[in-house]
Every structure is written in C-alpha cells, then in structure tokens.
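Bear in mind that the values here come from a model prediction, so they are computed numbers and not experimental data.
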Amino acid sequence: MIYLNGAILPADQARIDPADRGCGLGDGIFETLRAYDGRPFRLADHLERMSVAAAALDIPLPVDMPAVAEAVTTLLAANGRERGDASIRITLSRGTGPRGLAPPPDPRPTLLIATATYAPLPETGAAVTVEIRRNEVSPLSRMKTLGQLDNV
C-alpha cells in the first residue's frame with residue numbers, strides 16, 4: 001500500500017500523470033527515514049526540512065505537515081509495519097505542468113509516501129572516491145531534491 005495525494009491504495013493501482021514535473025524534470029523533493037518498531041525516527045525534523053525546502057523552491061504543500069505525519073503512521077499500519085523496522089520515503093513534486101522549464105502558474109503538487117521493510121546495512125563495505133565534486137555553493141546542495149543523478 002502507498003499514500004498518494006490523500007488516499008491509501010495498492011501500489012499497482014496508483015497513477016502519477018506522465019506530465020508530472022517530478023518525473024520529467026526532477027522538480028521535487030524527498031525525505032527518507034527509518035521507523036523503529038513502527039515509530040518513525042525524528043519525523044518532525046524530516047518534515048521541517050521538507051517544509052523549508054518546499055518553501056525555498058516555491059512548491060506549495062498540498063496538506064499541512066501534521067497531516068503528513070498522520071499519513072505516515074496510517075500507512076505503516078496499513079502495511080503491517082507497526083512492529084519491526086521500516087524505511088519510509090516521502091516524495092513531493094510540483095505536480096503536472098505544461099512542457100518547458102517554467103513552473104506552472106497554479107501548481108498542484110503530488111505527494112507520495114511509500115514504506116518498505118528496512119534492509120540493514122552490511123557490517124562491512126567498500127568505499128569509492130571520485131573526482132567529481134558537488135556544487136557546494138548551490139542552494140540545492142542543502143536539499144534532498146529529486147535530481148539525484150550525481151549521486152547515482
């Protein structure tokens with residue numbers, strides 16, 4: 001089950017418009033967090049960061065953050081994740097718009113929340129360094145935007 005624009009429904013019944021700017025332009029933000037035994041960890045902090053990023057990018061919030069917090073809790077229960085650990089991803093895009101880069105004059109954002117079983121990290125791992133540096137002076141460097149290709 002997922003949460004999409006105010007409704008909890010099976011993921012295979014969800015539909016995001018192909019003209020959604022999050023899909024075509026990466027025009028949106030996200031937060032990923034963990035739930036411990038069904039309790040989202042530092043949810044208020046994640047939602048605050050999302051609010052700040054949405055305001056900076058002029059993406060209106062379709063619902064207030066207490067409603068998002070309630071949706072997260074309801075979705076965890078709908079997926080039987082009241083016990084055990086889970087991963088939660090909250091995605092907010094600017095919604096649909098005409099072709100081109102200019103934001104639509106009356107944006108209708110898309111809010112998607114999904115949960116998954118938390119996959120613990122391995123005890124050991126390897127690190128790889130690259131020569132590519134992020135643009136540290138960009139205001140986007142402090143936001144979790146959908147355009148994560150540099151990280152991929």
Worksheet item: Mind checking what makes side-chain hydrogen bond (donor to acceptor under 3.5 Å, both in side chains) contact with Thr115, not counting sequence neighbours?
Response: Asn79, Arg81

If two hydrophobic side chains count as joined below 4.5 Å and joins carry through other members, does [X] share a cluster with [Y]?
| X | Y | result |
| --- | --- | --- |
| Ile59 | Phe30 | no |
| Leu111 | Leu9 | no |
| Leu61 | Leu4 | no |
| Ile90 | Met65 | yes |
| Leu33 | Leu47 | yes |

Worksheet entry | More than 12 heavy atoms from other groups under 6.0 Å of CZ on Arg34 | yes

Item to complete: Check whether more than 12 heavy atoms from other residues, nucleotides or ligands sit under 6.0 Å from atom CZ of Arg42, and answer yes or no.
Response: no

Discussion item. By the side chain to side chain donor-acceptor pair (under 3.5 Å) test, which pairs, at least two apart or in different chains, include something from residues 50-68?
Written reply: none

Fill in: Pairs touching residues 97-110 that satisfy side chain to side chain donor-acceptor pair (under 3.5 Å), sequence neighbours left out
Asp20-Thr110, Asp106-Arg108

Worksheet item: Any sub-3.5 Å donor-acceptor pair from Asp85's side-chain atoms to Asp37's backbone N or O?
Response: yes

Worksheet item: Is a side-chain N or O of Asp27 found less than 3.5 angstrom from the main chain of Gly22, in a donor-acceptor match?
Response: no

Smallest separation among heavy atoms of [X] and [Y], with atom names:
| X | Y | answer |
| --- | --- | --- |
| Ile2 | Ala11 | CG2-CB, 4.0 Å |
| Leu76 | Gly38 | CD1-O, 3.6 Å |
| Ala78 | Met1 | O-CG, 4.0 Å |
| Ala53 | Ile29 | CB-CD1, 3.9 Å |
| Gly97 | Arg21 | N-CG, 4.3 Å |
| Ala35 | Ile88 | CB-CD1, 4.0 Å |

Does any part of the side chain of [Y], heavy atoms only, come nearer than 4.5 Å to the side chain of [X], both counted from C-beta?
| X | Y | answer |
| --- | --- | --- |
| Pro107 | Pro60 | yes |
| Leu112 | Ile16 | yes |
| Pro104 | Thr96 | no |

Side-chain donor-acceptor pairs of residues 66-75 under 3.5 Å, sequence neighbours excluded:
from, atom 1, to, atom 2, distance (Å)
Thr73, OG1, Ala69, O, 3.2
Thr74, OG1, Glu70, O, 2.9

Practice prompt. For residues 39-60, pull every pair meeting ring pair (Phe, Tyr, Trp, His ring centres under 6.0 Å), keeping only residues two or more places apart or in separate chains.
Written response: Tyr36-Phe41

Fill in: Residues which pass side chain to side chain contact (heavy atoms under 4.5 Å, CB included) with Pro105, listed by chain and number, not counting sequence neighbours
none

Worksheet entry | Audit row: Leu92, Met50, side-chain contact (heavy atoms from CB on, under 4.5 Å) steps and yes/no | CA-CA 9 Å; Leu92 177 70; Met50 180 171 257; 4.3 Å; yes

Worksheet item: Are Arg89 and Glu31 close enough, and set up right, to give a side-chain contact (heavy atoms from CB on, under 4.5 Å), and what steps lead you there?
Response: CA-CA 6 Å; Arg89 177 158 168 149; Glu31 286 291 327; over 6 Å; no

